[in-house]
Number of protein chains: 2
Amino acid sequence: MTRRVTIADIAAAAGVSKGAVSYALNGRPGVSETTRTKILAIAAEMGFVPNRAARSLSVSSAQAVGIALRRSARTIGIEPYFMELISGIEATLSAGSFGLTLQIVGTVEEELEVYRRWWAERRVDGVFLCDVGTSDQRLDFIADLGLPAVAVGGPIEGARFPAVWHDDAEPSRDILEYLYALGHRRVARIAGIPGLLHTAIRDKAYDDTAADLAFESVTTIHSDYTGEQGAQITRRLLSSAKRPTAIVYDNDVMAVAGLGVAHELGLEIPEQLSLVAWDDSQLCRLTHPALTSLTRDIPAYGAKCAEVLMSLIGAATETALQTTETRTFSVQCKPAQLSPRGSTGPAQN
Amino acid sequence: MTRRVTIADIAAAAGVSKGAVSYALNGRPGVSETTRTKILAIAAEMGFVPNRAARSLSVSSAQAVGIALRRSARTIGIEPYFMELISGIEATLSAGSFGLTLQIVGTVEEELEVYRRWWAERRVDGVFLCDVGTSDQRLDFIADLGLPAVAVGGPIEGARFPAVWHDDAEPSRDILEYLYALGHRRVARIAGIPGLLHTAIRDKAYDDTAADLAFESVTTIHSDYTGEQGAQITRRLLSSAKRPTAIVYDNDVMAVAGLGVAHELGLEIPEQLSLVAWDDSQLCRLTHPALTSLTRDIPAYGAKCAEVLMSLIGAATETALQTTETRTFSVQCKPAQLSPRGSTGPAQN
DNA sequence: CTGAAAGCGCTTACAG
DNA sequence: CTGAAAGCGCTTACAG
């Protein structure tokens, strides 16, 4: 159990004041180049790493950001989305040697409480807001707190902090046009949670596109994103008299579950039924046939979100320095691209 | 942007010293009951939450623990295991109002560096060590640092800190006996990464059990746990002359991929091939047929790991107080149970 | 039981 | 360019 070295140790070894050590270490004026290099050498030799708490207390910054996820213990694991997002976030954070504090909560109330506590404790300098809703009390709550934040999703009208988002309307249109071109006229969509912003955006895009094309029917049924509901709703849809010839799922987990149901009912894919998934994770390539899906680069998205938050916090990460224009209030990322695979084919009515 | 209230504010409002406020808040002797209740009331009214950095600096404790995960951005999401584990860990941590710092790393060197930095910065009071290897340099590294830690996996011989683990030998035996009873005589296992401790334990258990029963062949092929390799190895196995009638997978993702390959080859499940998965996540119930698998309660496991770490750190969580005997160096959890589903059936040789 | 003071390890004006 | 000092917001011996 080695002892931790402090600036006092370095100061003593270098024969200078603690202040000088601090200036040297932080690349600030106030020390000559010779003393600076000498101090730096000694610090490196002694393996100095500054005590976070002391630094935080001095500069009033936690050197960390937080993310609160509202899911149950059982369902959180199944969505590859979050881990990929976090993974991307971290890539940017580490560059600025910021830490990520993660908290899983059960209810909105708990989530708000976490934000308040984090803010009051100064445990984090900013937060990522996930699963943005169409009318989301967390937005004002966080803004009122004065806690820097980035919404992972958008666009958000009248937002008081930046939102980083993909346009979901265009891919929604892409899917329907693609299915239409394949001859599908009865299409169903098993959508996500109705209160979520991106669900609403997709809802509207589907409706708009459907109105432009001569579909026989385009139905949307909302779900809770779980495989159970995906399976259940698929079973119901496929048991109806005029069953759809194509089903679009708002995530990958439900699509996999839907494929399971299709197998269960003995339907040939894609001959008798075409399936499309949103959020292409590795899952979509594990099944047979592989699932046609909408592909986004989630780690890159997470990295972008982190960049915006860092620049908001004013942290001097390299990336943040390069792209100070990310301070704008809405950052749009490249929309999801359709990746056609074996689960879609021409309709046989 | 409300102002954060400090103990100085409370002291002023209550007309006492900061020391008195601290004693009152921390339930220590040194203040009369009347002043204590008065101070507490004022603190509550002002919405006081202590500044973490200041507290940490004083007591030399970060009030946080860390977990470093070594995966790539693309593959980390697919394994439900980690999020479930983290979710369980958090349930215990929140009770003691400890935070969880998460870091995703690419290499062992990076991981060791993270531990050293965390320790030097005093950013965490302890860490969880995942993916324990048969010969794991991280064990001594962490122990030498004097950083409290819990190994998520074991048992570890001569360990210098506690390990929390499930017995994997018994379930391994269960699977083989079950398959044998179903009449399977050619069984293959697509195992995980060879260097991992639990892989080695399962390897031995399979070998031992196989030796006790009259199998025609029991082969083990190691993999990297990804769906790609799961699919690839399954394809190779099923294309061989004397193909196995049952395949056991060391995780769920590979099992799902294996099922996809079976479908691809037109094999009837379970008539022509039985499949078994380890680590029953929701994934196993999404497919058709649903996958027979070995079920463990991962969130509960995570909670147990956190309990042991908290007790090690000496934090006064309620759970830790109740179970101080968790300071022992090896905590065994309930082994995984076989959950038979549609993917296994009698062998048709 | 209570108050004044020192200290945790940094940063940062402020004099020399 | 350099040093001594105060301060961040807590905790905790140490006197009264």
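Throughout, protein chains are lettered first and strands after them, A, B, ... in sequence-line order, and every chain is numbered starting at 1.
A sub-4.0 Å separation between OP1 or OP2 of C/dT11 and a side-chain N or O of A/R28 is absent.
B/V132 approaches B/G153 most closely through the heavy-atom pair CG2-O, 4.2 Å.
Between B/E33 and A/S22, the residue anchored nearer the 5' end of DNA chain C, judged by the nucleotide with its closest heavy atom, is B/E33. Ranked by how close their nearest DNA chain C nucleotide is to the 5' end, A/K18 and B/P29 are led by B/P29.
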Going through the checks in order, is the side-chain hydrogen bond (donor to acceptor under 3.5 Å, both in side chains) test met by A/Q63 and A/S56? CA-CA 7 Å; A/Q63 308 268 87; A/S56 292; over 6 Å; no
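Regarding B/F48, its CZ atom lies at a distance of 4 Å from the P atom of D/dC10, rounded to whole Å. Distance CD1 (B/I7) to P (D/dG9): 10 Å, rounded to an integer number of Å. If you measure from atom NZ of A/K38 to atom P of D/dT2, you get 10 Å, rounded to the nearest angstrom.
The side chain to side chain contact (heavy atoms under 4.5 Å, CB included) test with B/L69 is passed by exactly one of B/V105, B/L102, B/D131: B/L102.
The side chain of A/A20 has D/dG3 as its nearest neighbour among D/dT11, C/dC10, D/dG3.
Using a 4.0 Å heavy-atom distance criterion, B/S17 is classed as a base contact. Across all strands shown, A/T35 has heavy atoms under 4.0 Å from sugar-phosphate atoms exclusively, and none from any base.
In this structure, D/dG16 and C/dC1 make a Watson-Crick or G-U wobble pair, each of the two defining distances being under 3.5 angstrom.
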